[in-house]
2 protein chains.
Amino acid sequence: MVNDPFKALSHPIRRGIVERLAGGPASVGEVTRDFGVSKPAISKHLKVLEETGVITRVVEGRTHRIALKPEVLDEAAEWMERQRAIWERMFDVVDEYLKEKR
Amino acid sequence: MVNDPFKALSHPIRRGIVERLAGGPASVGEVTRDFGVSKPAISKHLKVLEETGVITRVVEGRTHRIALKPEVLDEAAEWMERQRAIWERMFDVVDEYLKEKR
DNA sequence: CGGATCATTAACCATTTGGTTAACAGTAGC
DNA sequence: GCTACTGTTAACCAAATGGTTAATGATCCG
């Protein structure tokens with residue numbers, strides 16, 4: 001299991017899948033067509049994204065409908081924003097420090 | 001070289017370093033004390049963060065002053081927000097679809 | 001100079017990652 | 001039932017990742 005959104009998004013193909021799904025749900029085969037790798041490779045990437053909670057899967061007969069579930073992305077984005085915000089308050093002090101050393 | 005903010009943040013220690021630096025600059029030794037790994041390990045993590053542009057380094061004699069440079073984090077957060085926003089517009093349609101299949 | 005200190009680099013190792021092809025499982029349709 | 005189709009699992013492999021200890025570089029200070 002993965003369960004780490006940053007790790008899940010650390011591979012360009014997985015980010016590509018997210019972008020693809022932001023345009024609407026798709027089957028595994030449809031997703032595969034957009035990238036230059038085999039279907040098993042995509043299947044593994046989808047598994048990582050699913051375990052992390054970035055996507056959902058509804059099985060319909062023999063096809064799987066994959067859809068984005070962006071709540072986890074939100075959490076990760078909030079983490080980044082939080083770091084930036086804390087830093088922002090610190091900025092003037094450090095800027096002063098760097099100028100002083102120049 | 002790395003140059004991929006998501007990859008740079010895919011390791012918990014590197015995120016820990018960012019959190020540490022959000023509280024103000026620090027030396028390599030100071031950062032090392034906060035995590036249960038050796039100094040060479042931290043040195044490598046810092047190299048990754050520096051190549052990605054998440055931190056800066058000012059050498060002062062024999063100590064290095066490491067500081068956060070959050071612009072890159074902003075870009076990554078914006079990517080996430082963008083995916084969420086596109087999805088948001090799509091949400092009603094897909095929600096309807098899922099209900100219909102239930 | 002010589003020793004102590006701060007940090008990086010080198011060499012090495014185990015594990016994880018990301019890909020492949022081939023085999024398997026389930027469903028659809030004739 | 002048989003065949004085609006969609007997707008996952010198995011087995012394997014090369015490369016990348018993340019850690020270690022030991023060696024090296026560079027600076028400070030007595």
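This structure is a prediction, so every number in the text was calculated from the model and none was measured. Throughout, a chain's letter reflects where its sequence line sits, starting with A, and its residues are numbered from 1.
- In this structure, CG in A/L21 is found 7.5 Å from CD1 in A/I66, a value given to the nearest 0.5 Å.
- Not counting sequence neighbours, the partners of B/E19 by the side chain to side chain contact (heavy atoms under 4.5 Å, CB included) test are A/W79, A/Q83.
- B/R14 contributes no side-chain N or O that, together with a main-chain N or O of B/H45, makes up a donor-acceptor pair within less than 3.5 Å.
- What separates CZ of A/R65 from P of C/dT27 is a distance of 18 Å, to the nearest Å.
- Closest of all the heavy-atom pairs between B/T52 and B/A8 is OG1-CB, 3.5 Å.
- Separating the CZ atom of B/R33 from the C1' atom of C/dT5 is a distance of 12 Å, rounded to the nearest angstrom.
- With rounding to whole Å, A/F6 atom CZ is found 18 Å from D/dT17 atom P.
- Taking atom NZ of B/K47 as the reference point, atom C1' of D/dG18 lies 14 Å away to the nearest angstrom.
- Listed by chain and residue number, nothing satisfies the ring pair (Phe, Tyr, Trp, His ring centres under 6.0 Å) test with B/H64 (two or more places apart in sequence, or in another chain).
- Atom C1' of nucleotide D/dT8 and atom CG of A/L46 are separated by 11 Å, given to the nearest angstrom.
- Rounded to an integer number of Å, the gap from CZ of B/F35 to C1' of D/dG18 is 15 Å.
- Every residue meeting the side chain to side chain contact (heavy atoms under 4.5 Å, CB included) condition with B/A77, not counting sequence neighbours, appears here in chain and number order: A/M80.
- Not counting sequence neighbours, the partners of A/K39 by the side chain to side chain contact (heavy atoms under 4.5 Å, CB included) test are A/V28, A/T32.
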Protein-nucleic acid N or O pairs under 3.5 Å, nucleotides 16-22 of chain C:
{"unit_1": "C/dT17", "atom_1": "OP1", "unit_2": "A/K7", "atom_2": "NZ", "d": "3.1"}
{"unit_1": "C/dG18", "atom_1": "OP2", "unit_2": "A/R14", "atom_2": "NH1", "d": "3.2"}
{"unit_1": "C/dG19", "atom_1": "OP2", "unit_2": "A/H45", "atom_2": "NE2", "d": "2.4"}
{"unit_1": "C/dG19", "atom_1": "N7", "unit_2": "A/K44", "atom_2": "NZ", "d": "3.1"}
{"unit_1": "C/dG19", "atom_1": "O6", "unit_2": "A/K44", "atom_2": "NZ", "d": "2.6"}
{"unit_1": "C/dT20", "atom_1": "OP2", "unit_2": "A/S38", "atom_2": "N", "d": "2.9"}
{"unit_1": "C/dT20", "atom_1": "OP2", "unit_2": "A/S38", "atom_2": "OG", "d": "2.5"}
{"unit_1": "C/dT20", "atom_1": "O4", "unit_2": "A/K44", "atom_2": "NZ", "d": "3.3"}

* Do nucleotides 25-30 of chain D as a string where each nucleotide becomes B, S or -: B if the base has a protein heavy atom under 4.0 Å, S if just the sugar-phosphate does, - if no protein is that close. => --BS--
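- The main-chain N or O of A/S27 is found under 3.5 Å from a side-chain atom of A/E30 such that the two form a donor-acceptor pair.
- Between B/S43 and C/dA7, a side-chain N or O to OP1/OP2 separation shorter than 4.0 Å is absent.
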